[in-house]
Amino acid sequence: MIDSKTGKRIVVLIDEKSGPYIRVSTWNDADALEDLLSDTYDVLYEMKTPEEFREEGGKEYCFGNAADPEKLQRILDEIIL
């Protein structure tokens with residue numbers, strides 16, 4: 001998946017305490033991603049809105065320590081918006 005604002009590939013990041021997560025810059029990307037993660041891929045996530053993303057509606061998705069970051073990245077790489 002490519003972030004429509006930055007034009008960069010969305011990459012799974014790792015937080016030492018909470019596990020894998022990703023950041024999406026805009027509301028349109030976030031809305032489409034939520035539908036795909038829930039309906040198509042059955043991926044559970046917790047969503048936050050970082051301060052720097054509030055204006056454009058971007059989100060941060062946390063998947064928890066049990067999530068496989070490599071599998072998440074493969075899913076994200078399949079997504080074309």
Side-chain angles (χ1 to χ4, degrees):
M1 178 174 173
I2 303 297
D3 187 294
S4 66
K5 179 180 177 184
T6 65
K8 295 182 180 180
R9 177 177 173 241
I10 294 178
V11 178
V12 175
L13 306 168
I14 307 292
D15 180 85
E16 290 181 20
K17 293 181 183 174
S18 17
Y21 71 99
I22 60 171
R23 295 167 62 92
V24 178
S25 300
T26 67
W27 182 86
N28 285 338
D29 287 352
D31 189 47
L33 180 61
E34 288 168 27
D35 289 342
L36 288 168
L37 288 177
S38 297
D39 299 340
T40 304
Y41 295 101
D42 293 321
V43 173
L44 299 175
Y45 57 87
E46 180 182 318
M47 185 176 51
K48 301 183 216 176
T49 305
E51 186 62 39
E52 65 270 22
F53 288 164
R54 288 194 193 272
E55 188 174 314
E56 294 192 43
K59 303 288 182 198
E60 186 172 281
Y61 298 88
C62 303
F63 301 101
N65 286 316
D68 180 343
E70 292 177 11
K71 184 175 180 180
L72 287 169
Q73 189 64 60
R74 284 193 301 273
I75 289 170
L76 291 169
D77 290 344
E78 287 179 10
I79 296 173
I80 298 172
L81 299 179

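Here CD of Glu56 is found 10.0 Å from CG of Asn28. Values are rounded to the nearest 0.5 Å. From Leu44, atom CG reaches atom SG of Cys62 across 13.0 Å, with rounding to the nearest 0.5 Å. With values rounded to the nearest 0.5 angstrom, Leu37 atom CG is found 7.0 Å from Leu76 atom CG.
Residues Arg54 and Thr49 share a closest heavy-atom pair of NH2-O, 3.4 Å. Taking both residues in full, the closest heavy atoms of Pro50 and Lys48 are given as CD-O, 3.5 Å, listed atom of the first, atom of the second, then distance. In this structure, Pro69 and Ala67 approach most closely via the heavy-atom pair CD-O, 3.3 Å.
By the 6.0 Å contact criterion, CG on Leu13 is enclosed, its count of non-hydrogen atoms from other residues, nucleotides or ligands being greater than 12.
Among residues two or more places apart in sequence or in another chain, the side chain to side chain contact (heavy atoms under 4.5 Å, CB included) test is passed with Asp31 by Trp27. Residues meeting the ring-ring contact (aromatic ring centres under 6.0 Å, His included) test with Tyr61, sequence neighbours left out: Tyr45. Under the side chain to side chain contact (heavy atoms under 4.5 Å, CB included) criterion, Arg74 pairs with Glu70, Lys71, not counting sequence neighbours. Listed by chain and number, the residues in a side chain to side chain contact (heavy atoms under 4.5 Å, CB included) with Glu55 amount to none (sequence neighbours excluded). In terms of the side chain to side chain contact (heavy atoms under 4.5 Å, CB included) criterion, residue partners of Glu78 (sequence neighbours excluded) are, by chain and number, Tyr41.
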Considering only distance and modelled atom types, tabulate donor-acceptor pairs under 3.5 Å from the side chains of residues 17-26, sequence neighbours left out.
from  : atom 1 : to    : atom 2 : distance (Å)
Ser18 : OG     : Asp15 : OD2    : 2.9
Arg23 : NH1    : Glu60 : OE1    : 2.7
Arg23 : NH2    : Glu52 : OE2    : 2.1
Ser25 : OG     : Asp3  : OD1    : 3.3
Ser25 : OG     : Asp3  : OD2    : 2.9
Thr26 : OG1    : Asp29 : N      : 3.4

| side chain to side chain contact (heavy atoms under 4.5 Å, CB included) between Val43 and Leu36: does it pass, once the steps are laid out? | CA-CA 9 Å; Val43 173; Leu36 288 168; over 6 Å; no
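Ile2 and Val12 fall into different hydrophobic clusters, where Ile, Leu, Val, Met, Phe, Trp and Tyr are joined by side-chain heavy atoms under 4.5 Å apart, directly or via other members. At a threshold of 4.5 Å between side-chain heavy atoms, the hydrophobic network of Ile, Leu, Val, Met, Phe, Trp and Tyr places Phe63 and Ile10 in one connected group. Clustering ILVMFWY residues whenever any of their side-chain heavy atoms sit less than 4.5 angstrom apart, transitively, puts Leu81 in the very cluster that holds Met47.
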